[in-house]
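As structure tokens, the structure follows; a few thoughts come after it.
These values consider heavy atoms only, across backbone and side chains, with no hydrogens, waters or symmetry-generated copies.
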Amino acid sequence: MTCMITFECQAEAGTGEQLLEIIRQLLPNTRNKDGFIDLVLHVDQDNSDRILCVQHWTDRASYEAYVEWRKENGDLNILDKVLGGHPLAETPIIRFFNPTRTYTKDAY
């Protein structure tokens with residue numbers, strides 16, 4: 001079953017744009033990973049240091065394998081609050097969601 005993952009992180013004050021650029025540099029390798037479908041980066045309108053990454057993967061196991069690959073490469077160290085070598089203000093929040101139904105403008 002397709003899995004939607006949200007990855008929310010808080011950069012140190014005033015460094016959100018720098019973190020966003022680091023994430024953008026890391027992402028090209030993501031699309032080549034087994035199970036990857038798509039990904040959208042969002043910046044909080046009220047706090048430009050907060051970034052939300054919404055991702056779709058074929059399943060949770062594929063995403064978890066991807067995260068382990070990122071950890072092995074040193075790109076992701078959640079326990080030390082580091083992403084791509086950039087220090088984070090908080091430990092990232094990762095959530096997993098299963099789809100239920102699609103609602104569009106024209107069809108409910």
Side-chain angles (χ1 to χ4, degrees):
M1 173 185 292
T2 302
C3 182
M4 182 183 84
I5 298 100
T6 61
F7 182 99
E8 185 175 347
C9 58
Q10 174 72 39
E12 295 285 346
T15 66
E17 186 59 40
Q18 182 182 0
L19 177 60
L20 189 58
E21 184 54 37
I22 289 168
I23 294 171
R24 287 180 178 140
Q25 291 173 12
L26 293 173
L27 291 180
N29 292 328
T30 300
R31 65 177 164 220
N32 299 323
K33 292 302 183 189
D34 289 339
F36 174 76
I37 299 172
D38 63 18
L39 176 152
V40 178
L41 290 173
H42 303 268
V43 176
D44 188 321
Q45 291 183 358
D46 298 318
N47 178 355
S48 62
D49 294 325
R50 183 169 299 281
I51 298 168
L52 175 67
C53 180
V54 178
Q55 308 170 56
H56 291 95
W57 290 75
T58 55
D59 53 55
R60 184 174 179 162
S62 294
Y63 175 78
E64 289 174 341
Y66 164 73
V67 168
E68 287 305 312
W69 173 77
R70 284 288 185 200
K71 287 178 181 177
E72 290 170 7
N73 285 345
D75 297 330
L76 182 61
N77 187 340
I78 293 174
L79 296 177
D80 288 337
K81 299 184 280 188
V82 175
L83 178 57
H86 187 87
L88 302 175
E90 305 170 355
T91 301
I93 299 169
I94 303 171
R95 294 190 174 102
F96 301 88
F97 298 87
N98 291 326
T100 60
R101 181 176 174 191
T102 300
Y103 296 88
T104 65
K105 181 178 178 180
D106 300 322
Y108 287 93

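In terms of heavy atoms, Thr2 sits closest to Pro99 at O-CD, 3.1 Å.
Shown here are the side chain to side chain donor-acceptor pair (under 3.5 Å) partners of Asp59, two or more places apart in sequence or in another chain: Ser62. By the side chain to side chain donor-acceptor pair (under 3.5 Å) test, Asn77 is found to be paired with Asp80, residues two or more places apart in sequence or in another chain being considered. Among residues two or more places apart in sequence or in another chain, the side chain to side chain donor-acceptor pair (under 3.5 Å) test is passed with Glu64 by Arg60.
Note on residues 35-61: pairs passing ring pair (Phe, Tyr, Trp, His ring centres under 6.0 Å), not counting sequence neighbours, are Phe36-Trp57, Trp57-Tyr63, Trp57-Tyr66. The list of ring pair (Phe, Tyr, Trp, His ring centres under 6.0 Å) pairs with a residue in residues 4-35, not counting sequence neighbours, is empty. For the side chain to side chain donor-acceptor pair (under 3.5 Å) condition, the pairs that include at least one residue of residues 3-15, sequence neighbours left out, are Glu8-Arg50, Gln10-Asn47, Gln10-Arg50, Thr15-His86. The list of salt bridge (charged side-chain N to carboxylate O under 4.0 Å, His left out) pairs with a residue in residues 70-79, not counting sequence neighbours, reads Glu68-Lys71, Arg70-Asp75. The salt bridge (charged side-chain N to carboxylate O under 4.0 Å, His left out) analysis of residues 27-48, with sequence neighbours excluded, yields no pairs. Residue pairs meeting the salt bridge (charged side-chain N to carboxylate O under 4.0 Å, His left out) criterion with at least one member in residues 97-108, sequence neighbours excluded, do not occur.
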Legend entry - From CA spacing to verdict: side-chain contact (heavy atoms from CB on, under 4.5 Å), Leu41, Leu27: CA-CA 10 Å; Leu41 290 173; Leu27 291 180; 3.7 Å; yes
Inset, instruction - Step by step, work out the side-chain contact (heavy atoms from CB on, under 4.5 Å) result for Ile51 and Leu20. - result: CA-CA 7 Å; Ile51 298 168; Leu20 189 58; 4.0 Å; yes
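Other members of the cluster containing Ile37 do not exist, because no ILVMFWY side chain is joined to it at under 4.5 Å. In the hydrophobic clustering, where aliphatic and aromatic side chains (Ile, Leu, Val, Met, Phe, Trp, Tyr) are joined below 4.5 Å either directly or transitively, Leu52 groups with Met4, Val54, Phe97.
Between Gln18 and Glu21, every side-chain heavy-atom pair lies at or beyond the 4.5 Å cut-off. Proximity of Cys9 to Leu19: side-chain heavy atoms (C-beta onward) are separated by under 4.5 Å at one or more points.
For the atom pair Glu90 CD and Ile78 CD1, the distance stands at 13.5 Å (nearest 0.5 Å).
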